[in-house]
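A short worksheet on the structure shown next.
In what follows, every chain begins at residue 1, and chains take the letters A, B, ... in the order their sequences are listed.
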Amino acid sequence: MAVIGTVGWGFIITLVIYFLAIFGIGLYGYLTTKDEDDFLVANREIGPAVGAATLSATQMSAGTFVGTIGVHYLTGVSFIYIWVGLWMGWLVSLVFVAPQMRRFGEITVPDFIAVRFGDDGAGGDRMRAFSAVLIVVAYTVYISAQYTGAGLIFQSIFGVSNTVGMAIMVAIIIAYTAFGGMRASALSDFVQIIIMTVGAIIAIPILLGNIGGLGQMESMLVSLNPAYIGWAFTPLEVGTIALAFGFGMLGAPYEIVRIYSMRDEQTVRYAISATLIFQVLIATGVAIIGMSMRVLYPQLTTPDLASVIMSIDVLGPILGALVIGAVLSAMLSTVDSIMIVSAGAIAHDIYSELINPEASEGRKLWANRLAVIFVGIVPFFLALYGQALGGLVQFIVLLQSAIIGATFSMPLLLGLHWDRINTPGTFAGMLLGFVSVLIWHFSIDGGVITGVLAQIDPVVPGVIMCLIGMIVGSYLTAEPTREALAPFFDV
Amino acid sequence: MIAPFVVIGIIFVTAALLWARHKGGEVSEKEVGSEDLERGGGA
């Protein structure tokens, strides 16, 4: 790696202080967490500021500070418009999903599925189990990709092996999430989003100062390739990726569980509005960083390392450590959120609701902690030995957002607003959405779908087929029972 | 190059804040209304 061994003590001490602060938050979370409600939804006391921070930090992952900077480095400005799809997802959620979910006020997304689609002949248990398993598989495997990214960064900065880098990441994140639960996760997200925002913004004047200003950056990009300031990605490509992100965000269980943890519906509305402010700032910063690095270092062999190289070569020890802190924060905040959701699906939905409904509060709390440790450690081994599963891990990582978007966005949206939608229809829709994502993906891979259609992300046919399955299935079968509708409609 | 994106972002933020404020206003009016009813109505 190009940057091994070049960091100084200032850099390392700044990072250590950051990690100590995160551990301190984890300890605070541990000392203030008394039961399962506390662990999974922070006793519903998250306010708008921390709420906005945790929604933003959860959404932004290694993909934002590593992958997206790399994409801007390679292709220029056009990729920035995928954010608009995300924001459309957030606006739909703001109006039609998030406040309603908060009003419902349970703990997990399968809780909602089990109540709204509870007439499955087993009191909602079948639908709960189906959705919980879907969440655990898609999300737990996805964590392995975040670990791989962290391993690469630790290796690049400190010269340790990839495995040791990943192990450090796993130890840190399990330590504060398993013991601190949602309270620690949300509060650490607050610190992390501030670091991400400051890191993304503070780099801009330094990079542009080195280049000679925004105008100079533009003209240098044009001299490299005029498409860098135009549409290197076609509008259709950007649009379909944007749709994928938008649908993914609309029904994302790891965002919904944060919605549940807020004080009330109005807090949810303000938190979503404020999260858009963080996103505009970070999206702009990340795009300028990627394009500036292209001008300053036009021949990087690994564009994904642009942010790391910038931190060490351009920003100096303190600011550089801050930006690396931002990159690691993006990973930690996403992984801790996914761990809480996957652990909730295992401990709350499968253990407490299906296997041992009589469990004491103390036992439930520890079931959640053990589940966090489990969903934290399994992806570590998947990242190390995933190849043994014949590409299955890489496949789920690639498609998890499409799978979750295609299976959860419509059941949440329609389930909350259309009283004719019933359980068989929703089950058919979720299944159809899931299968459509797989078929579309493999058809593109196998060359069956080509040309313009091949530019369409699998989430789009997935959502359409889920919608069709839900509507047709619901109208072909009996109306939902009064019990299933009562919590959501006037019946 | 970046300016149109920032403008779109500001539009989204404004729309979201206006919606949140509008819904907040609705909730407050309902609360005031129910308090009035409890008191026997009237301003």
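Residues A/Val268 and B/Lys23 have side chains not in contact (no heavy-atom distance under 4.5 Å, counting atoms from C-beta outward).
Ring geometry for A/Tyr81 versus B/Phe5: interplanar angle over 60°, hence perpendicular rather than tilted (30 to 60°).
Only the side chain of A/Leu91 comes within contact range of chain B, with heavy atoms under 4.5 Å apart. Heavy atoms closer than 4.5 Å to chain B are found in both the backbone and the side chain of A/Met88. Residue contact with chain B, scored on non-hydrogen atoms closer than 4.5 Å, involves the backbone and the side chain of A/Val95 alike. For A/Val84, the parts sitting under 4.5 Å from any heavy atom of chain B are the backbone and the side chain alike.
The two residues B/Ile2 and A/Ala287 come nearest to each other via the heavy atoms CD1-CB, 4.2 Å. The shortest non-hydrogen separation linking A/Ser273 to B/Val13 is O-CG1, 4.5 Å. Among all heavy-atom pairs drawn from B/Ala20 and A/Gln266, the shortest one is O-NE2, 2.6 Å. Across every non-hydrogen atom of A/Leu276 and B/Ala16, the tightest pair is CD1-CB, 3.7 Å.
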Open item on the list: side-chain contact (heavy atoms from CB on, under 4.5 Å) for B/Ile8 and A/Trp83? Distances and angles first, verdict last.
Closed with: CA-CA 10 Å; B/Ile8 293 171; A/Trp83 290 87; over 6 Å; no
Open item on the list: For a side-chain contact (heavy atoms from CB on, under 4.5 Å) check, start with the C-alpha distance between B/Phe12 and A/Gln279, then their side-chain angles and the critical distance, and finish with the verdict.
Closed with: CA-CA 11 Å; B/Phe12 269 89; A/Gln279 297 193 28; over 6 Å; no
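The number of heavy-atom neighbours closer than 6.0 Å to CZ of A/Phe96, taken from other residues, nucleotides and ligands shown, is 12 or below.
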